[in-house]
A.B. asks: 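Submitted below is the structure of interest, expressed as structure tokens.
Note that this is a predicted model, so its numbers are computed, not measured. Order of the sequence lines fixes the chain letters, A, B, ..., with proteins taken first and strands second; residue numbering starts at 1 for each chain.
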Amino acid sequence: RDFPTLFERSRPGRRGTRPPRPPEVDLAGLLGAENLRSAPPRLPEVDELTVVRHYTNLSRRQVGVDTNFYPLGSCTMKYNPRVNEAAAALFAELHPYQDPETAQGALQIVYELQEYLAEITGMDAVTLQPAAGAHGELTGMLLIRAYHESRGEGERRRMVLVPDSAHGSNPATASMAGYQVKEVPSGPDGEVDLDALRAALGPEVAAIMLTNPNTLGLFERKILELIDAAHDQGVQLYYDGANLNAIMGWARPGDMGFDVVHLNLHKTFSTPHGGGGPGSGPVGAKAHLAPFLPVPTVKREGERYVLDFDRPQTIGRMRSFYGNFAVMVRAYAYIRMLGAEGLKRASAMAVLNANYLRKKLAAAGYRIPYDRLCKHEFIAQPPEGLKALDVAKALLDYGYHPPTVYFPLIVKEAMMIEPTETESKETLDEYVEAMAEIARRGLEDPEWIAHTPYRTPVRRLDEVAANRKPVLRWRPEEA
Amino acid sequence: RDFPTLFERSRPGRRGTRPPRPPEVDLAGLLGAENLRSAPPRLPEVDELTVVRHYTNLSRRQVGVDTNFYPLGSCTMKYNPRVNEAAAALFAELHPYQDPETAQGALQIVYELQEYLAEITGMDAVTLQPAAGAHGELTGMLLIRAYHESRGEGERRRMVLVPDSAHGSNPATASMAGYQVKEVPSGPDGEVDLDALRAALGPEVAAIMLTNPNTLGLFERKILELIDAAHDQGVQLYYDGANLNAIMGWARPGDMGFDVVHLNLHKTFSTPHGGGGPGSGPVGAKAHLAPFLPVPTVKREGERYVLDFDRPQTIGRMRSFYGNFAVMVRAYAYIRMLGAEGLKRASAMAVLNANYLRKKLAAAGYRIPYDRLCKHEFIAQPPEGLKALDVAKALLDYGYHPPTVYFPLIVKEAMMIEPTETESKETLDEYVEAMAEIARRGLEDPEWIAHTPYRTPVRRLDEVAANRKPVLRWRPEEA
Amino acid sequence: MDFTPHTPDDVRAMLEALGMQDLRELFADLPDALLEPDLRLPAPMSEQEILAHLRELAAKNTPADKAFLGGGLRPHFVPSLVPALAQRGEFLTAYTPYQPEVSQGVLQAVFEYQTMIAELTGLDVSNASLYDGAAALAEGVLLALRQTRRMGVVVSQGVHPEYRQVLATYLHAVGAELRTVALEGGLTPPAEFDDSVGAVVLQSPNFLGAIEDPAPWVEAAHARGALVVYVADPLSLALLKPPGEWGADIAVGDGQPLGNPMNFGGPQFGYIAVREKLVRQLPGRLVSQTHDSGGRRGYVLALAAREQHIRRAKAKSNITTNAQLTALMGAMHLAALGPEGFAEVAAASVARAHALAEMLARLPGVERVTPEPFFNEFALRLPRPAPEVRAGLAERGWHAAAPVPAEYGANLALFAATERHEEDDLAGLAAALKEVFA
Amino acid sequence: MDFTPHTPDDVRAMLEALGMQDLRELFADLPDALLEPDLRLPAPMSEQEILAHLRELAAKNTPADKAFLGGGLRPHFVPSLVPALAQRGEFLTAYTPYQPEVSQGVLQAVFEYQTMIAELTGLDVSNASLYDGAAALAEGVLLALRQTRRMGVVVSQGVHPEYRQVLATYLHAVGAELRTVALEGGLTPPAEFDDSVGAVVLQSPNFLGAIEDPAPWVEAAHARGALVVYVADPLSLALLKPPGEWGADIAVGDGQPLGNPMNFGGPQFGYIAVREKLVRQLPGRLVSQTHDSGGRRGYVLALAAREQHIRRAKAKSNITTNAQLTALMGAMHLAALGPEGFAEVAAASVARAHALAEMLARLPGVERVTPEPFFNEFALRLPRPAPEVRAGLAERGWHAAAPVPAEYGANLALFAATERHEEDDLAGLAAALKEVFA
């Protein structure tokens, strides 16, 4: 049976949660008859039990880290400690416009988190305003742009270099920041081709956006030379922090020479991904970029914490209010629980898990295009004759969320696998067994694998139809 | 694949939630070396993610009211409002031995709930001490016993009458209260046979335990005569409140003449069943039984609420502390939300749903042994040739929790169906469709129905083996 | 607000299907004299209003999350994952797992709980839970009487007085005889039992916190064919030799220290564990491992022939609803902590309690009552009645000095400490107590 | 505490499988100079300790659940079922539903959310969510510029000043031009637009709370080929004529009033809805209904060719992580209330705000600034600077009088009221304000 939508469960006049009896009021008089809507919005009319049952059962058609191993590359699907939720709930009822004297505890968290993240990344100043990683990227690129503009080089530097292995958000961000984008090829070792990069450097280049370790899970070993070469030309270095979970406590982007870095609190710092968000994408900057940070930040004045709007060269505001505060609280709790040693151990175990899995998968017949020491993730390819997509779909029947597939674009049939540090050796071993069986069975029985999965709430979905003739809302006539 | 136990997921030395670093302490010195255990208990050694994933996935192998229609007769599986949980959380951190002056809000709830339940049942005094329905039954029967003893009739009145349709807890309770039990037959109309009852009445009878409406869902229409006859002989009338959801606000056991009543807060008053408990089983008593109530109760003195231990004739204590307070808070919230009108409407809709379903199921080919106006539940039987158990198992594949089956014992192949008031007409209609299809298909294809269910996490389980050679705990060697 | 989904149209259509015009007809089988009493209840409230009202009531209480109060319930830290998981609707809104195919979640959780309790107690088998420690004690004693077919019970005064009161109520009902052996110097003295005694009961750590030596009672009881019922705080079993190792036949106790808030006294859960030979005498639900028709492992309710819905008047107990969800929280708590974490919590509790005892005993006029060794609760004799002292402390923001019933002596108060107390808290309480005495 | 499951044995075995001896070898590809910096962070804490620490910090804040503060975020009542359901692990710990076969929960919930937002706004299509109202505005304007291939933007000063600041940041980046039309008498005056203008933006109710007449702007914009971006508080759409009916092309706003706590400003969610013809210009995720290989209905991410992971530098936006969970809470909130309940909440909010405005306007020295009709927020001119008044009120336990930026005039403060305020609260605030002025 189809799983009905809430709209199909709706019955005219049925009521759910009732507000207090509303005061008698002449709405037409108060609001102007001409301003009133002619008909109420067609929201579902359902009782509370129906709402509860609907969403409960929807959630049972959904997997998450809480239900399954979820090695989605570049997403760091680590355990989201439940204490984070209890922590955030303590601060839910604060309004951004209440007197800051009545929100000193909240501001202290913001301030201290700024400090911690600066320390972890080796940067001089941090803004917590960006609402997500890509939002942080845009913030960072605008800092770079403002910096060049402040030096009279804004007109000249119109180009941003991005490796061909980069996350799609990097070039997209550079575009939004008003830049042209040039791709830099990766070398055969999977790292940025340093010669090609040097060749691409020039007076028109504003910045390079790098992920390190990169999306192949490889640490860019020539990072210091690369950054030196760029800095020599006045080019700013942007660090995409999506992969910071690989090196926390082991090395800092700031020490590598990066000028700006963004972090994903929902990846590295254990805040939940929420089915796609909300996240938080703090940005750290070196001192020369700090004057351009968005306002407000939080600073400490004696025993008090105050909102600091005094940054005349700011790029402006990136977001209403102060960012995703409740996400910050979760990350704050996480950092305080782990401390420096815990963060370092988390990264070490993430890298250990990734390398262990790489080794075992290679032994199980999967191809590892860059089979060397990796960091928190690595790329595998199915055995010749199998498609990454089919392996992914087969995995669903084995109780695993598949890796990221077909990314990065530079590897055919790529499967980008990031186990994270919160998975146990047994889970990895069982996963390898499943992968081995899928490979064996898939090669023997192409029909079988082509039609996987069999045991999920729905089978393979027609995405072509959805793109050709999208149905983006429920309408009675289309149900 | 088998779903592993937590013990099988355990690995030596693995840690989950860590407490604060414990103070250095010489345990042998403080506790006595001879008192220490020789080896730690073999609890699972698992990480937090494993705990979360284990219980999350266990819950996904479980249905509840939140996931499915659950018309389990005599259990009143109505919607458990989520506000109840928020309400209870407000009072979680109170200790029963803290100064009552610092728990006035909690005591006020206890006091007011006593008053509300007295009002709803038509009784004079209420104790909230019993932890569940059966515990309330025992409390009530002990009140009756103490009453007879106080009148010098304790020795003489050794017998309790219980209809053959009664819940098993009734005779079991009477036994625990030190009574002999005599069954009274039901008449062909499904009600207690008044003549048989009269015949059974005598000087040795201490009490009659009745459920009204009874477990067939029928209101005992001769209740007033019946009670009069019993009272004439000095027999006390006990009201099993499991079925109170049928008549809240429409009639009161106290007005019928009952002397004692217990309620199930987790049935009638919307507190969750929790997979089997905890519940709460308050007991209401008429004035002549009030002196025997367990201590403490809560009384009001001016603006203050105090624990009242002053009841010299008390039967004693039934439970530590003051009962299942957090369950009381939920019931309190429910009663305050509904008010008198809401309670009355809840019962009306419960009875409407039951009668509607009865009518529809009859039309769908199910036999209704007592096909007259019922109250909140009714008994159906599968069409000739089908077993209640098979229909129940088939229902699982259709997404329904089955009714109570093979109870009451006086009806063969009984299916005791209680839809409750929080289910919609559509749910009932769809359920009837499923029942009709099961009947049709089951008669056509006995093999099919005999092996249902097919789509559940496990198929029919071998209960015979479990009873013959029970495995009641995990042991490495038996896994 | 009520929670019925029925629209006026629904009601009309459904009444019509029944050939009725009015809801009152649904109650036509009730005697007219009874119908539609006028219930005097407060006016209905919305969810928003009831929560606002309850918040006002909650504000009239002062939370006891740092209370130095014991008596079996104490403020222990509960990992956040416990309520988060227990509140999942499937656990919260299911009932007794009569249909095992769709109840493997609850059933397996119970099976694991039973295993944990057996491990903690050093006994063979646990049931699925009972109401609380007091009910568990009463059921444990009744079990022993059934098994021995005797009617005599001897209980140490060291058993929680409220448990003893409940036991007395239950025993009076069945006509059993209850004898209490008074504590001497805070400990249970050796006792002798005659052949009428079916059950002997002692608690360790006892109500005053002292760790008992159960060996003499166990020996004396077994010598005369009586069974030993041992009341134990489950937290103490993280460190102390379990009832099974002491030779007890039945262990019972209150599960609140495992993953449950204090809830002003309830709900928590009661546990009971017994030796193998007593299994068929156990009250309440039992879950057994078995397999399904396809050979897969699964779990079912077992040995239901003991229970009321099958055996009726001859059942082992009348219990039906138990304390499933709170017991589940207990299992989650133990799973989250593991054996090491659990031992650390217990050790912290012990350490804090001993530090506190030393600190408070130094106050003038205070006398230690509980002998060494004790666990995490202890009694002091105060220079003034405990209720007064407790009130004085409460005024200063501290919850402590639970009054000990007069049967144990005059002006006694019970104190407890847990892993939730920090050094500062101990010092704070001591200072406040000094003020109260001043 | 960290959350790694690795025992010493695990680490040893895994290193061995890699031919390594030491964890440091895992970082052998990093330049030595970088390795193992000394991080100065506070010492680790257990869960119990961090919660105790955070409770202390929380105690330094005074909750604003009864705040009379607005500016787009307000304390609305959230039914208890909303957080309970949203906190289910499957919703909480999933990520973007790239694998639809195991993500129907999130996908269908988004599909329903999209439908609800389309219904509220009177437009055809909503995306799956954006960060907040400000980001939604910026994305909406960029969308309009892409569609019209123009670079001019005109925005009413009635648009939330923080949203305008964010818009300015985004527009500066792409080199677009932003012109602001000042309010007159608290309302947006009619304006004319030239052919360079691709987007015009107005907000109703505007930042000062006044309900605008959007017709003149819509007409003038459409006459010159510009698109209209309409900023609307979703709660207002329970009662007020929706953007689509006014002729707007794009509606954006902040979702906090739907089922989300204020969270000190975030997260909430941003919504965006557009006319059908603009769908392929939409930023962010979109969910479409489709069917599976067995013909069963299902849902998938659709039109991904708009997005960064496919289109890279040519994507419609760089957005990837959005605000799924908070948007889900919004949908749950609307589902729980239904159209009637939602309208009742809005009406209560309106009624309280009007009552409050009348009450406060009677205070000496207070002047009403927001013209009629207004919705549930309004501005007053105070006899003293708003921050001082706000501080004075805060000392008396009231949160109100959010300072309005000076661009709107001197000594202006914003007030709001919601269904959570009772009569007593209004009177209490008025009395406190009187005291502050005294």
Side-chain angles (χ1 to χ4, degrees), chain A residues 2 17 22-23 25 32 40-41 43 55 58-59 61-66 90 92-97 99 102 104-105 131-132 134 168 171-173 181 219 251 272-279 316-317 320-321 324-326 339-340 342 349 351 356 424-425 456 458-459 466 470-471 473-474, chain D residues 2 4-5 14 26 34 39 41 44 57-58 60 62-65 79 85 88-90 92-96 101-102 104-106 115 119 131 134 162 165 169 261 263-267 288-290 292-293 298 302 308-309 312-313 315 318 321-325 336 339 344 348 351 373 394 402:
Chain A
D2 273 359
T17 306
V25 61
L43 299 171
Y55 283 109
L58 272 186
S59 81
R61 295 162 69 82
Q62 176 70 42
V63 306
V65 175
D66 274 10
L90 296 171
E93 297 272 36
L94 301 177
H95 193 288
Y97 293 156
D99 184 345
T102 67
Q104 286 293 302
T173 296
V181 178
F219 192 84
H273 290 66
R317 206 179 241 292
S320 58
F321 317 115
N324 282 348
F325 174 76
M349 295 302 118
V351 174
Y356 179 77
S424 67
K425 177 171 176 295
T456 45
V458 293
R459 303 279 301 278
V471 179
R473 65 185 289 190
W474 186 83
Chain D
D2 63 66
T4 59
M14 293 170 83
L26 292 168
L34 297 175
L39 292 193
L41 292 174
L57 290 178
K60 295 183 182 177
T62 56
D65 56 316
L85 293 169
R88 282 179 64 87
E90 296 92 334
L92 194 68
T93 71
Y95 206 10
T96 310
E101 297 86 353
V102 292
Q104 289 298 300
V106 166
T115 306
E119 282 292 333
Y131 309 136
E162 297 198 20
Q165 290 163 25
T169 311
N263 285 329
F264 200 45
S288 171
Q289 182 183 305
T290 184
D292 77 357
S293 56
Q308 49 76 28
H309 62 287
R312 302 180 72 85
N318 70 340
T321 294
N322 57 16
Q324 185 46 56
L325 194 70
E344 286 168 7

A.B. asks: Is the side chain of S288(D) donor-acceptor paired with the backbone N or O of V471(A) at a distance under 3.5 Å, no angle test?
C.D. replies: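 Judged by distance alone, yes, a pair lies under 3.5 Å.
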A.B. asks: Just give me the residue among P267(D), A402(D), G89(D) that pairs up with chain A most often, heavy atom to heavy atom, under 4.5 Å.
C.D. replies: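 Counting heavy-atom pairs under 4.5 Å, the top option is P267(D).
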A.B. asks: Is it the backbone or the side chain of L92(D) that comes under 4.5 Å from a heavy atom of chain A, or both, or neither?
C.D. replies: both
A.B. asks: Which region of A315(D), side chain (C-beta onward) or backbone (N, CA, C, O), has a non-hydrogen atom less than 4.5 Å from a non-hydrogen atom of chain A, or is it both or neither?
C.D. replies: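 It is the side chain, since no backbone atom gets that close.
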A.B. asks: Nearest 0.5 Å, please: how far is CG in D66(A) from CD in E90(D)?
C.D. replies: 7.5 Å
A.B. asks: Between E162(D) (side chain only) and F321(A) (backbone N and O only), is there a donor and an acceptor less than 3.5 Å apart?
C.D. replies: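 Yes.
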A.B. asks: Give a yes or no answer on whether the side chain of D99(A) reaches the backbone of A394(D) with a donor-acceptor pair at less than 3.5 Å.
C.D. replies: no
A.B. asks: For the side chain of E101(D) and the backbone of V458(A), is there at least one donor-acceptor N/O pair under 3.5 Å apart?
C.D. replies: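 Not confirmed, E101(D) side chain does not pair with V458(A) backbone.
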A.B. asks: For T93(D) and V65(A), indicate whether the former's side chain and the latter's backbone hold a donor-acceptor pair under 3.5 Å.
C.D. replies: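 Side chain of T93(D) to backbone of V65(A), a donor-acceptor pair under 3.5 Å: yes, one is there.
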A.B. asks: How long is the span from the CH2 atom in W474(A) to the CD atom in Q289(D), to the nearest 0.5 Å?
C.D. replies: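 Here the rounded value is 10.5 Å.
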A.B. asks: Taking every heavy-atom pair that is under 4.5 Å apart, which of G168(A), G32(A), G279(A) has the most such pairs with chain D?
C.D. replies: G168(A)
A.B. asks: Quick check on V181(A) against chain D: is it the side chain, the backbone, both or neither that has a heavy atom closer than 4.5 Å?
C.D. replies: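 Contact with chain D: side chain only.
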A.B. asks: If we ignore hydrogens and angles and just use 3.5 Å, is the side chain of T321(D) paired with the main-chain N or O of A132(A) as donor and acceptor?
C.D. replies: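 Checked: no pair found.
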A.B. asks: Determine whether Q165(D) and R317(A) satisfy the following criterion, side chain to side chain donor-acceptor pair (under 3.5 Å), listing intermediate values before the conclusion.
C.D. replies: CA-CA 6 Å; Q165(D) 290 163 25; R317(A) 206 179 241 292; 2.8 Å; yes
A.B. asks: Donor-acceptor pair, D292(D) side chain versus R459(A) backbone, under 3.5 Å?
C.D. replies: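 Confirmed, D292(D) side chain pairs with R459(A) backbone.
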A.B. asks: Are E119(D) and R473(A) ion-paired here, with the side-chain N under 4.0 Å from a carboxylate O?
C.D. replies: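 Looking at R473(A) together with E119(D), the answer is yes, because their closest N to O distance falls below 4.0 Å.
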A.B. asks: Less than 4.5 Å apart, side chain to side chain, heavy atoms only: is that true for N324(A) and F264(D)?
C.D. replies: no
